Colleague: 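Below: one structure in structure tokens.
The structure displayed is predicted, hence computed values, not measured ones.
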Amino acid sequence: MADGPTARRLEGKPIADEIRAAVAEDVIAFTAEQGRPPGLAVVIVGRDAPSTVYLEQIIRGCAKVGIDARFVELEGEATEASVVATIRELNADPRVDGVIVQMPLPPTIRLRSVIDAIDPDKDIDGIHPLNAGLLRLGYDGFLPATAHASVEILRRSGIEIAGRDAVVVGRSAVVGMPAAFLLVKEDATVTVCHRRTRDLAARTREADIVIVAAGHPGLVTGDMLKPGAVVVDVGINIVDGRIVGDVEFESAARVASAITPVPGGVGPLTNALLLTHLIRAAERHAAVTAPAPAAGR
Ligand code: NAP
């Protein structure tokens, strides 16, 4: 038996490049038609949060394809009321099509108040309860971009999902649960695991597809996988200054048939999909605000 990794690497970057090229064309068409580019506002409360780097990447990615993206920055001591008021202003701003809010928020600000304030039609990262509910019901809404990416990388890599047994490790509202609902929508049979799952390895060993979104480096190892399983590693952890996933890549790649690398798997696709969500929001926004056609004679 070979010692080295045998699994196919499911690279996110080439797929993300394809998506970005299509978005760039859509942005050109939208801008020509509307006389303005699609607009994204990213609300940040203080610049210290670890997510700021990720949000800067999004802003740069938008600029590259012609989207008007900007930070709306509040002081680190901003009150919940001022964050909510800022979001409401952005909801009413005709040049803004999408709103993202930096997570995690300072502990003094209640997440629910902020999420509820976002206009669901501008909620391009799918965190508003309306969009979460639409996903739960299997209807179209805005999807959380990371969960979307974790399933889209399977679809775009030609991995069959329908009828297969899937395990999702992690049940967060932004990644694990929406990924599980998306897999169900794709006709997989899905088990969701979390910290209280009694025997995680017994669950993952049963699965044809394993999506891991736990925030725990090396949680899933090769001996926890069924030979030939497909593994999607959503985790982003910094260990000894290196970015690593939630899956122990070396051992997993010897057992799996396909696996996403970290970095370079789900991450690049997440950012690209967020742009597609923004274009969709902008097109819907433009259709809603378009002047009514003049009455025919
Ligand atoms: P989270 O809110 O902390 O949720 C983690 C989930 O994993 C929880 O449901 C938790 O269970 C479960 N879990 C943690 N340790 C476990 C263990 N030992 N065994 C079984 N389940 C365990 O994290 P998140 O926001 O969903 O993010 C998950 C990971 O994805 C993180 O590494 C994050 O950095 C990464 N991420 C990546 C991207 C990307 O673009 N690739 C974007 C966002 C996040 P309980 O519910 O029981 O606590």
Side-chain angles (χ1 to χ4, degrees), residues 1-16 50-51 53-54 144-161 164-172 174-180 182-183 188-271:
M1 205 171 106
D3 288 345
T6 54
R8 168 182 166 207
R9 284 168 70 97
L10 303 178
E11 303 282 356
K13 186 157 181 312
I15 306 172
S51 56
V53 178
Y54 163 68
T146 304
H148 189 185
S150 69
V151 176
E152 194 65 18
I153 201 162
L154 295 172
R155 295 180 58 233
R156 294 211 182 215
S157 304
I159 306 283
E160 200 176 336
I161 303 175
R164 303 187 80 186
D165 294 331
V167 161
V168 179
V169 184
R171 58 175 165 182
S172 74
V174 286
V175 192
M177 288 312 295
L182 282 171
L183 287 170
T189 303
V190 183
T191 303
V192 178
C193 299
H194 45 78
R195 279 178 225 265
R196 300 293 298 271
T197 297
R198 252 185 287 158
D199 186 349
L200 182 63
R203 301 288 173 180
T204 53
R205 261 184 225 122
E206 294 283 307
D208 304 309
I209 295 171
V210 181
I211 295 185
V212 192
H216 184 133
L219 176 66
V220 172
T221 50
D223 61 343
M224 294 168 68
L225 299 170
K226 170 157 114 179
V230 175
V231 181
V232 176
D233 188 352
V234 182
I236 297 179
N237 312 284
I238 311 283
V239 176
D240 299 332
R242 282 179 52 229
I243 298 178
V244 298
D246 288 345
V247 177
E248 190 184 86
F249 188 87
E250 283 302 314
S251 63
R254 274 185 229 120
V255 182
S257 61
I259 181 167
T260 62
V262 177
V266 174
L269 198 51
T270 298
N271 296 3

Colleague: Drop me the distance from Glu248's CD to Leu219's CG, to the nearest 0.5 angstrom.
Modeller: 10.5 Å
Colleague: Which residue in the set Val151, Val169, Val167 passes side chain to side chain contact (heavy atoms under 4.5 Å, CB included) when paired with Ile211?
Modeller: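 Single side chain to side chain contact (heavy atoms under 4.5 Å, CB included) partner of Ile211 among Val151, Val169, Val167: Val151.
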Colleague: Under 4.5 Å between any side-chain heavy atoms of Val239 and Arg242, yes or no?
Modeller: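 The answer is no, as the side chains (C-beta and beyond) never meet within the 4.5 Å cut-off.
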Colleague: Could you report the tightest heavy-atom contact between Ser150 and Ala179, atom names first, then the distance?
Modeller: OG-CB, 3.7 Å
Colleague: Are the side chains of Ile259 and Val247 in contact, using a 4.5 Å heavy-atom criterion?
Modeller: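 Touching, per the 4.5 Å side-chain cut-off.
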Colleague: Looking at every heavy atom in both Ala166 and Leu183, which two are closest together, and how far apart are they?
Modeller: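 Between these two residues, the closest heavy atoms are CB-CD1, 3.8 Å.
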Colleague: Rounded at 0.5 Å granularity, tell me how far CZ in Arg205 sits from CG in Leu200.
Modeller: 9.5 Å
Colleague: Heavy atoms, side chains only, cut-off 4.5 Å: are Val168 and Val190 in contact?
Modeller: yes
Colleague: Ignoring hydrogens and geometry, is there a side-chain-to-backbone donor-acceptor pair from Ser172 to Val175 under 3.5 Å?
Modeller: yes
Colleague: Determine, stepwise, if the pair Val266 / Val232 fulfils side-chain contact (heavy atoms from CB on, under 4.5 Å).
Modeller: CA-CA 8 Å; Val266 174; Val232 176; 3.5 Å; yes
Colleague: Minimum heavy-atom separation for Thr204 to Met224, with atom names?
Modeller: OG1-O, 2.6 Å
Colleague: How many angstroms lie between atom CD1 of Ile153 and atom NE2 of His148, to the nearest 0.5 angstrom?
Modeller: 12.0 Å
Colleague: Tell me the closest heavy-atom pair linking Arg164 and Ile159, and the distance in Å.
Modeller: NH1-CG2, 3.9 Å
Colleague: May I ask you to decide if Leu10's main-chain N or O and Thr260's side chain share a donor-acceptor pair within less than 3.5 Å?
Modeller: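 It does not hold such a pair.
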Colleague: Determine the minimum heavy-atom distance between Asp233 and Gly235, stating which atoms define it.
Modeller: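 It is OD1-N, 3.1 Å.
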Colleague: Are the side chains of Tyr54 and Ile236 in contact, using a 4.5 Å heavy-atom criterion?
Modeller: no
Colleague: Quick check: closest heavy atoms across Val230 and Ser257, and the distance to 0.1 Å?
Modeller: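 Minimum heavy-atom separation between Val230 and Ser257: CG2-OG, 3.7 Å.
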Colleague: Give me the one residue out of Thr191, Val192, Val210 that meets side chain to side chain contact (heavy atoms under 4.5 Å, CB included) with Arg203.
Modeller: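 When side chain to side chain contact (heavy atoms under 4.5 Å, CB included) is applied between Arg203 and each of Thr191, Val192, Val210, only Thr191 qualifies.
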Colleague: Would you check if Phe249 and Val244 make a side-chain contact, meaning some heavy-atom pair closer than 4.5 Å?
Modeller: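 Counting from C-beta outward, Phe249 and Val244 never come under 4.5 Å.
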Colleague: Are the side chain of Asp165 and the backbone N or O of Asp208 linked by a donor-acceptor pair below 3.5 Å?
Modeller: no
Colleague: First locate atom NZ of Lys226, then atom CD1 of Ile209, and finally report the distance between them rounded to the nearest 0.5 Å.
Modeller: 10.0 Å
Colleague: More than 12 heavy atoms of other residues, nucleotides or ligands under 6.0 Å from NZ of Lys13: is that the case?
Modeller: no
Colleague: Quick one: does Asp246's side chain have a donor or acceptor within less than 3.5 Å of a partner on His216's backbone?
Modeller: yes
